[in-house]
Amino acid sequence: MGIVVQKFGGSSISNPELIKNVARRIVQAKEKGSQVVVVVSAMGDTTDELLDLARKVTANPCSREIDMLLTTGEQISIALIAMAINEMGHTAISLTGYQAGITTDNAHTRARILKIDPERIRQELDQDKIVVVAGFQGMTDAGDIATLGRGGSDTTAVALAASLKADLCEIYTDVDGVYTADPRIIPKAMKLRFISYDEMLELASLGALVLQPRAVEFAKNYTVPLSIRSSFNECEGTLVGEVKSVESCEPVSGVAHDLNVAKIGIFDVPDRPGIARNIFYSLASEQINVDMIIQGWVRDDRNDIVFTVTRGDLEKALPVVENIVKEIGASGFVYNDRVAKVSIVGAGMITNPGVAANMFKALAKEGVNIEMISTSEIKVSCIIEEDQAIKAVGALHAEFFE
Ligand code: ADP
Ligand code: ASP
Ligand code: MG
């Protein structure tokens, strides 16, 4: 008998009626003959509400305690889902991340899964039970609860599917699948029937929050077949899998945007070996992730370096940059946290010339100024003014899909 892992996000279980609806879908899968492992998020906006609660108590909550607090959200969900399934005449058992054998590193609020021991889950499945696991959480080797970063239940589901060698991992959410752009912003966005792991990884990393990027990484590394679909209807969703040949891929599969971006520029950086290392090593030592980096043309042995970080990291980054400016003898720095990143992603881009040019043309036609550009084999991203982000996504969607 094959194993199927089903993950339900917060909006799919935001009230008791929806919890019963989800329980019915789970029972259907069981009655079709699969062994079913369910992963759930916290109900509705519970995680945000718990974060607000913490901020009312202290401006600087310690990350270990944040994890202790936030994981209560998922614990409520697993108990209620298990109760609803039991009420329908099947036997379910709820398990926390620890009980499900998930060990993480100790990077609280953004931990990574280190290993999974699926023994307990297997035992419960062998007793014909439906196993309901709390998403987004695991236990460190020191015995502390840790969370996997926002959206982390996706990663729990895919990691469990990999570890249990499941036939399929289904991600149930509030949209019918992966679209050519966020359907909440672009009503004309179209559902994709299939998308490759690589394209999905780029889209998710570039702001399409429908899947956590680490979940896609797991799926790709362990070749877990993924299906993204709606908990509210029976429509066929989007399959995420391996692509056979780049030639058969679309030049552009999707448009993504990310408002969680801040830009920092350092002026008149001395042009000698080791300087870039000093700047980015100092930022890395403070656990600050740098995304785009652009170094300008050298003039009089000096040039400018501009890079982006997440807005959440900006406050931490500024004192580091201030120090480094003094240390290397640069003339100063500026920052702007009102920028956004818009991107196009497509595995067929590499074999189709002119895709980037068309992107720049579409932005120019709408009067959107491009501040930074970065490219890879399957994506082009531009940093623009935050206020123009939605207009820019609309223009790019119209250019490539309408
Ligand atoms: P869940 O609570 O189920 O985890 P999320 O809110 O994390 O759901 O993810 C689903 C949301 O992702 C959708 O409501 C949609 O607005 C957003 N989204 C962003 N980009 C895309 C895209 N390209 N395709 C589908 N959904 C997208
Ligand atoms: N509840 C967590 C969050 O809101 C995890 C998840 O939904 O995947 O980020
Ligand atoms: Mg999510």
Side-chain angles (χ1 to χ4, degrees), residues 9-11 41 45 47-52 54-55 59-61 63 66 70 107-112 136 147-155 173 175 178-179 181-186 200-217 254-265 280 283-284 286-294 306-318 320-321 334-345 363 368-374 376 379-394 396:
S11 49
S41 301
D45 296 328
T47 308
D48 289 326
E49 287 158 14
L50 290 171
L51 277 172
D52 283 346
R55 282 191 207 104
N60 275 318
S63 56
I66 286 275
L70 295 192
H108 283 289
T109 73
R110 52 189 166 79
R112 282 180 174 269
F136 177 57
T147 63
L148 308 178
R150 297 306 303 268
S153 300
D154 297 335
T155 302
T173 182
V175 280
V178 180
Y179 279 69
D182 186 340
R184 282 197 222 183
I185 289 169
I186 305 294
M200 192 62 237
L201 185 55
E202 286 287 5
L203 278 180
S205 310
L206 293 167
L209 298 175
V210 63
L211 275 179
Q212 200 194 36
R214 276 186 203 163
V216 191
E217 238 168 42
V255 180
H257 70 286
D258 188 356
L259 301 182
N260 184 16
V261 186
K263 181 174 92 162
I264 302 176
F280 295 107
L283 290 161
E286 292 297 319
Q287 308 296 321
I288 297 163
N289 257 330
V290 172
D291 179 21
M292 286 187 190
I293 303 175
I294 289 181
V306 189
F307 56 92
T308 61
V309 296
T310 62
R311 286 189 195 165
D313 275 347
L314 182 65
E315 211 178 307
K316 220 164 34 159
L318 291 179
V320 178
V321 172
V334 285
Y335 67 92
N336 182 357
D337 63 356
R338 304 254 65 93
V339 292
K341 181 164 61 176
V342 289
S343 311
I344 52 170
V345 171
L363 293 176
V368 176
N369 188 41
I370 301 171
E371 299 181 14
M372 292 167 82
I373 299 168
S374 98
S376 80
K379 70 120 202 253
V380 185
S381 297
C382 297
I383 296 291
I384 61 171
E385 259 181 41
E386 181 192 68
D387 294 348
Q388 295 192 308
I390 304 303
K391 182 166 80 171
V393 174
L396 295 176

Using a 4.5 Å cut-off on heavy atoms from C-beta on, say whether the side chain of Ser374 contacts that of Lys379. yes
Are the side chains of Glu202 and Ser343 in contact, using a 4.5 Å heavy-atom criterion? no
Going through the distances and angles, do Leu51 and Leu70 end up as a side chain to side chain contact (heavy atoms under 4.5 Å, CB included)? CA-CA 7 Å; Leu51 277 172; Leu70 295 192; 4.0 Å; yes
Testing the basics here: between Ile288 and Ala317, what is the closest heavy-atom pair and its distance to 0.1 Å? CD1-CA, 3.5 Å
Quick one: does Thr308's side chain get under 4.5 Å of Lys341's, heavy atoms only? no
Might you work through the salt bridge (charged side-chain N to carboxylate O under 4.0 Å, His left out) test for Arg311 and Asp258, ending with a clear yes or no? CA-CA 11 Å; Arg311 286 189 195 165; Asp258 188 356; over 6 Å; no
How close do Thr155 and Ala215 get, heavy atom to heavy atom, and via which atoms? OG1-N, 3.2 Å
Do the side chains of Tyr179 and Ile186 get nearer than 4.5 Å, heavy atoms only? no
Give the minimum heavy-atom separation between Ala204 and Leu211, together with the two atoms involved. CB-O, 3.3 Å
For Leu206 versus Ala256, what's the shortest heavy-atom pair and its separation? O-CB, 3.7 Å
Mind checking the CZ-OG1 spacing from Phe136 to Thr47? Nearest 0.5 Å is all I need. 5.5 Å
Treating Lys316 as the side-chain partner and Glu286 as the backbone partner, does any N or O pair qualify as donor plus acceptor under 3.5 Å? yes
Roughly how far, to the nearest 0.5 Å, is CD1 of Ile384 from CD of Glu371? 8.5 Å
Do you know the tightest heavy-atom contact between Val342 and Ala389? CG1-O, 4.1 Å
Evaluate the criterion side chain to side chain contact (heavy atoms under 4.5 Å, CB included) for residue pair Gln212 and Ser153; output intermediate values, then yes/no. CA-CA 8 Å; Gln212 200 194 36; Ser153 300; over 6 Å; no
Interatomic distance, His257 atom NE2 to Asp182 atom CG [nearest 0.5 angstrom]: 6.0 Å
If you count every heavy atom of other residues, nucleotides or ligands that lies below 6.0 Å from Phe280 atom CZ, does the total exceed 12? yes
From CZ (Arg338) to CG (Leu259), nearest 0.5 Å: 9.0 Å
Between Arg150 and Asp48, is the side chain to side chain contact (heavy atoms under 4.5 Å, CB included) condition met? List the steps. CA-CA 10 Å; Arg150 297 306 303 268; Asp48 289 326; 3.1 Å; yes
Measure the spacing between CG of Asp337 and OG1 of Thr310 and express it to the nearest 0.5 Å. 11.5 Å
Side chain to side chain contact (heavy atoms under 4.5 Å, CB included) evaluation trace for Phe307 with Leu283: CA-CA 11 Å; Phe307 56 92; Leu283 290 161; 3.7 Å; yes
Taking the side chain as every heavy atom from C-beta outward, state whether Ile264 and Leu314 have any atom pair closer than 4.5 Å. yes
May I ask you to check whether over 12 heavy atoms, not counting those of Asp52, lie within 6.0 Å of atom CG? yes
Below 4.5 Å, heavy atoms only, C-beta onward: do Met200 and Val210 meet side chain to side chain? yes
Hey, could you give me the CD1/CG distance between Ile383 and Asp291, rounded to the nearest 0.5 Å? 7.0 Å
Scanning both residues in full, the closest heavy-atom pair of Leu201 with Ser205 reads O-OG, 2.6 Å
